[in-house]
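To start, the structure under review is shown below, and the notes come after it.
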Amino acid sequence: MFQITDIPRILPEILLLVLALLVLGSDIFERWSYTAASRLERVRASAQLSTIGLGLIFLITLVQSGYLYTLPVDAPSNFLTNILRNLQAGGPGQGVITGSFATDDLTMIARLTLIGAAFLTSMLCLDYHPASNPAEFYALIIFSTIGMCLLAGATELVMIFLAVEMTSIPLYILAGYFGDKRSSEAGIKYFLFGAMSSAVMLYGMSLAYGFAANALGGNSTANDLTQLSKIAELAGEGNSLLTLSMVMLIAGIGYKIAVVPFHGWSPDVYEGAPTPVTAFISTASKAAGFLVLFRLLTVAFPSLSGSAVFGEDLGGWTSIMAFLALLTLIVGNLAALPQQNAKRMLAYSSIAQAGFVLLGLVAWASPQQFDRDQGTIALVYYLVVYTLTNIGAFGGLAIVGMAVGGDDVRDLNGLAQRNLPLAVLLAVSVLSLAGIPPLAGFFAKFYVFMVGWQSGAWWLVIIALITTIISLYYYLRLLRAMFIEAPVSMEPVHAPVGMMTAVGVSVLGVLVIGIFPNLVLGIINRVQMVAGL
Amino acid sequence: MTRAIPLEAVLVVAAALFCIGLFGALSRRNLIGVLMGIELMLNSVNINLVAFWRYLEPRFITGPTFVIFVITVAAAEAAVGLAMIITIYRSWNTINADSVDSLKG
């Protein structure tokens, strides 16, 4: 049952919804004409409103989560502590709301990551001028963020479906927002692949529903993941209907997280979409997709986890994950090598990064609960670090693309002489993606390798190591273009303050997390307590 | 309650519809044709859900609820898709999927 006390537990989503409607409404009150001056004013107003709003919601969520400061039980009661107490009453923990939405630590950390990503993205758009109706652009980013937050906590099939659609439909529009040849092509490709994948996912869901209905014999109904797991455990491993439904679900979500062989859309979409939108799609929507995949597999199908140890009988979803990770690592890293377009190169790089994240799921091949918990922590840690790093990298490219007018690798030539701070920020992001110590990317990679090794998938870790070394080639190509190649012109690259701040914040995050990994790990350690496990 | 049609028959129809839709979505060159294929896939899911509900647990409303959500979202998706096809037509002057190919490599 939904109780009135459940409302503070979904406070971040409610606030996001209010903000999105406010941003949409604010456009009406602005000067309504199509002169350049009034259009600029409208862009500024909606961009600033959504950036400030998202920043505030991030802070409120942070306070609510209690990760920085938890109010002691015996604190004296005054105005401030009463607010704090009521806010933190909706913090992580407690049961699942109406069986469909869990507000555990995993959801809370995901909310912080996703709202943070949306905040940085809208900051990147502060000086980026969207087309005719700017408020729609920012409101769509926020609507999509609501969908992602719901996706991270969804524990029921209907809820997962609705959250996936709520995440994706605004992103389709955003990818095609500019309406020119490249952008509209990116939008339609994203839309067609996405719609098809959600149809496949839905078919899998309908089979899972039928399976549960059949097993329960019409005496009770089940479509939430915890109950599915009990039924799946009774049915055992050899059930073909359940396996088929699981494979279809993996395929449907695999599209959202762009793992090979479901990655076909992603380089085109990343290249054609407006660059800040690319930053958002490649980080937040991928992170949310991974979290829902994690929840689906570990909560609903723990009995089908199988094994990924070389030489043993393969079976269950960890071997599917290991196989996908293998393909993703090899194809992603090799296809990035010959790319001339920097955005496209980073697109293949983020496909390859998805392969590393999958290693965190392969950890479930180990029967020990400790190894599985370590896998969860490594997965979430990698996602947080990857989100920060990739926003920095794509944000840097957005600045260069806006100033120079192109996003080929040769447009980066001599960036160090044209704008040194920007070149340094971009270089740190790229090095973190490559996994160079002491940056955050190194520790994240190290952690997933360790977890993968312990779970017995050592063959996969060796391949991941080799592809990491291969990947250095194309990451260093970007660095060479920026620092060694001669610039085309000596005209300085203009970097707007808002975009520069967004890139700066994400690079600062990468440095701090890299040097003091325990800051974030201490919080992420709590995700072991996933509701329903 | 006697049933003239077994559950399996309904499921086979749904599976066939799904495959026809998938084939249509993959093979049609016209973008509107692709969209129609996707709609067929979604409708086969609806048949599946309603059939499972009617034959296996008619006392609960989970199945029909799911179907109503699917129909609603499919409508939203079709609206966005058709709008995007109009954008494609405006900038490319064609809705043939093969000729929309500036991004590749």
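First the proteins, then the strands, lettered A, B, ... as listed; each starts at 1.
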Where on [X] is there a heavy atom nearer than 4.5 Å to chain B: the side chain, the backbone, both, or neither?
X: Phe161(A); value: side chain
X: Glu185(A); value: both
X: Ala335(A); value: neither
X: Met166(A); value: neither
X: Tyr172(A); value: both
X: Leu192(A); value: both
X: Asp180(A); value: backbone

Please say which of Lys343(A), Arg344(A), Arg477(A), Gln339(A) ends up in a side-chain contact (heavy atoms from CB on, under 4.5 Å) with Val409(A).
->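 Filter result, single survivor: Arg477(A).
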
Which one of Gly194(A), Ala195(A), Ser183(A) has the most heavy-atom pairs closer than 4.5 Å to chain B?
->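 Option with the greatest count: Ala195(A).
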
Look at Ala199(A), Ser198(A), Ser206(A) and state which one has the largest set of heavy-atom pairs under 4.5 Å with chain B.
->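 That would be Ser206(A).
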
What part of [X] is in contact with chain A, defined as an atom under 4.5 angstrom from a non-hydrogen atom: side chain, backbone, both or neither?
X: Phe69(B); value: both
X: Ile61(B); value: neither
X: Ala15(B); value: both

Taking atom types as modelled, is there a side-chain donor on Asn96(B) or Asn30(B) under 3.5 Å from an acceptor on the other?
->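 Not at all, the side chains of Asn96(B) and Asn30(B) share no donor-acceptor pair under 3.5 Å.
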
Any side-chain donor near an acceptor of the partner, Ser184(A) and Ser91(B), under 3.5 Å |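 Checked: Ser184(A)/Ser91(B) side chains pair up, N/O donor to acceptor below 3.5 Å.
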
If I compare all heavy atoms of [X] with all of [Y], which pair ends up nearest, and what's the gap?
X: Ile253(A); Y: Met201(A); result: CG1-SD, 3.8 Å
X: Leu42(B); Y: Val70(B); result: O-CG1, 4.4 Å
X: Ala347(A); Y: Tyr270(A); result: CB-CD2, 3.3 Å
X: Leu225(A); Y: Ala154(A); result: CD1-O, 4.3 Å
X: His263(A); Y: Pro267(A); result: O-CD, 3.4 Å

What option among Ala25(B), Gly81(B), Ala76(B) has the most heavy-atom pairs under 4.5 Å with chain A?
->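 Maximum pair count with chain A is reached by Gly81(B).
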
Mind checking whether Tyr209(A) and Phe66(B) have ring centres under 6.0 Å apart?
->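 No, too far apart.
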
